[in-house]
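See below for the structure under consideration.
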Protein chains: 2
Amino acid sequence: MNIGDAAQLSGLPAKTIRYYEDIGLIEPSRSANGYRSFRESDLHKLTFLGRARSLGFTIDDCRTLLTLYRDRSRASADVKHVAQDHLACIDRKIIELTEMRRTLSHLVEACAGDDRPDCPILADLAAVVPGQSCARQSN
Amino acid sequence: MNIGDAAQLSGLPAKTIRYYEDIGLIEPSRSANGYRSFRESDLHKLTFLGRARSLGFTIDDCRTLLTLYRDRSRASADVKHVAQDHLACIDRKIIELTEMRRTLSHLVEACAGDDRPDCPILADLAAVVPGQSCARQSN
DNA sequence: ACTTATGCTTCCAGTCATAGGAAGGTCAAG
DNA sequence: CTTGACCTTCCTATGACTGGAAGCATAAGT
């Protein structure tokens, strides 16, 4: 199977598949003409990766998860640990975004949105004293 | 005022301030020795930028917002528009993360997390048929 | 006057997970 | 035998920085 078919079947762009080979996530064999040749197991890995990425796991997480997947003597605790860490990371992001959303929606509501220049949004951006804002922990 | 003080007072790293000059967001003057010299207005812009960034506005948004801020004849509708677009963007991200969170937390709950190899998390990652998963709209 | 330390400068490279595109080889169909 | 679709590698760009090297400037201490 060539990369085009692998892309079609896995749902990943060919570009991404080449990248995954580059960074050592997959190792498809090569045909005589130099084309990548994908076996069932390669395709399986690709769909695994696609699914893991769609759940927001980093490439590094994916590497770990793939290793655990291959390892028949793994402990499910190890997998759970990776997933829980990621879950915590997602939760932090959701909290951060929700906080932004809260502030921003207040500002948007307060803004008349007409042709006059007075704008509470700009006023907020301009007025905040550095030490007092919530800007610090966002990095 | 040198960059170190500007960094302290604005809460932004000196590196970031240099970067903002590089991309044309600010234009501090220079002292005789070649050091950047920050006026009150520069500092004001920096805190404005810091606040806008902490609300998740892109650099491009910041550029627009700064321009609107300078423009005394702006219409608040223009500002509101930028903010609303960003709010919609935040909402999309929250929805996406929440969807990930939902799936992932189910999987984590279902995983025993002991020393046995059986793991619903890996099973899910491995089993999904490409066309059927929710992987598509995440790009 | 000399050393040390801190602060400033520019420039180059790296991050993350790809995407875009150029230049060129391969293959099936008409 | 040419067209077009597919494949290859290699280089560059994204966003918003961050890290680090090499080299001046300045201030403090001895």
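Labels below follow one simple rule: chain letters A, B, ... track the order of the sequence lines, proteins then strands, and each chain is numbered from 1.
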>> What residues from residues 29-42 of chain A pass a heavy-atom cutoff of under 4.0 Å to DNA chain D?
In response: A/Arg30, A/Gly34, A/Tyr35, A/Arg36

>> Near DNA chain C, counting only heavy atoms under 4.0 Å, which residues of residues 14-24 of chain A show up?
In response: A/Lys15, A/Thr16, A/Tyr19, A/Tyr20

> Of all residues at least two apart in sequence or in a different chain, which pass the side chain to side chain contact (heavy atoms under 4.5 Å, CB included) check with A/Ala110?
Replying inline: A/Pro120

> Taking for each residue the nucleotide of DNA chain D bearing the nearest heavy atom, is the 5' side occupied by A/Asn2 or by B/Thr58?
Replying inline: A/Asn2

> When the distance from CD of A/Gln8 to P of D/dA5 is rounded to whole Å, what number comes out?
Replying inline: 15 Å

>> Taking the basic N atoms (NZ, or NE/NH1/NH2) and the acidic carboxylate oxygens, is any pair closer than 4.0 Å for B/Arg116 and B/Asp118?
In response: no

>> Nearest whole Å is fine: how far is C/dT18 P from A/Ile26 CD1?
In response: 12 Å

>> What is the distance, to the nearest angstrom, from the CD1 atom on A/Ile3 to the P atom on C/dG25?
In response: 20 Å

>> Test your reading of the model: is there a side-chain donor-acceptor pair from B/Arg63 to the backbone of B/Thr67, 3.5 Å cut-off?
In response: no

> So B/Asn2 and B/Ser37, side chain to side chain donor-acceptor pair (under 3.5 Å) or not? Walk me through it.
Replying inline: CA-CA 5 Å; B/Asn2 285 348; B/Ser37 177; 6.0 Å; no

> To the nearest 0.5 Å, what is the distance between CD1 (B/Ile90) and CD1 (B/Ile95)?
Replying inline: 12.0 Å

> With under 30° as parallel and over 60° as perpendicular, where do the rings of A/Tyr69 and A/Phe48 fit, or are they tilted in between?
Replying inline: tilted

> Quick one: B/Met1 CE to C/dG7 C1', roughly how many Å, whole number?
Replying inline: 16 Å

> Just by distance, do the side chain of B/Asp42 and the backbone of B/Arg39 share a donor-acceptor pair under 3.5 Å?
Replying inline: yes

> Taking atom C1' of D/dT18 as reference, at what distance in whole Å does atom CD1 of B/Ile59 sit?
Replying inline: 14 Å

>> Between B/Tyr35 and B/Ile3, is there shared hydrophobic-cluster membership here, with clusters defined by ILVMFWY side-chain heavy atoms closer than 4.5 Å?
In response: no

> Would you say D/dC17 has OP1 or OP2 under 4.0 Å from some side-chain N or O of B/Arg53?
Replying inline: yes

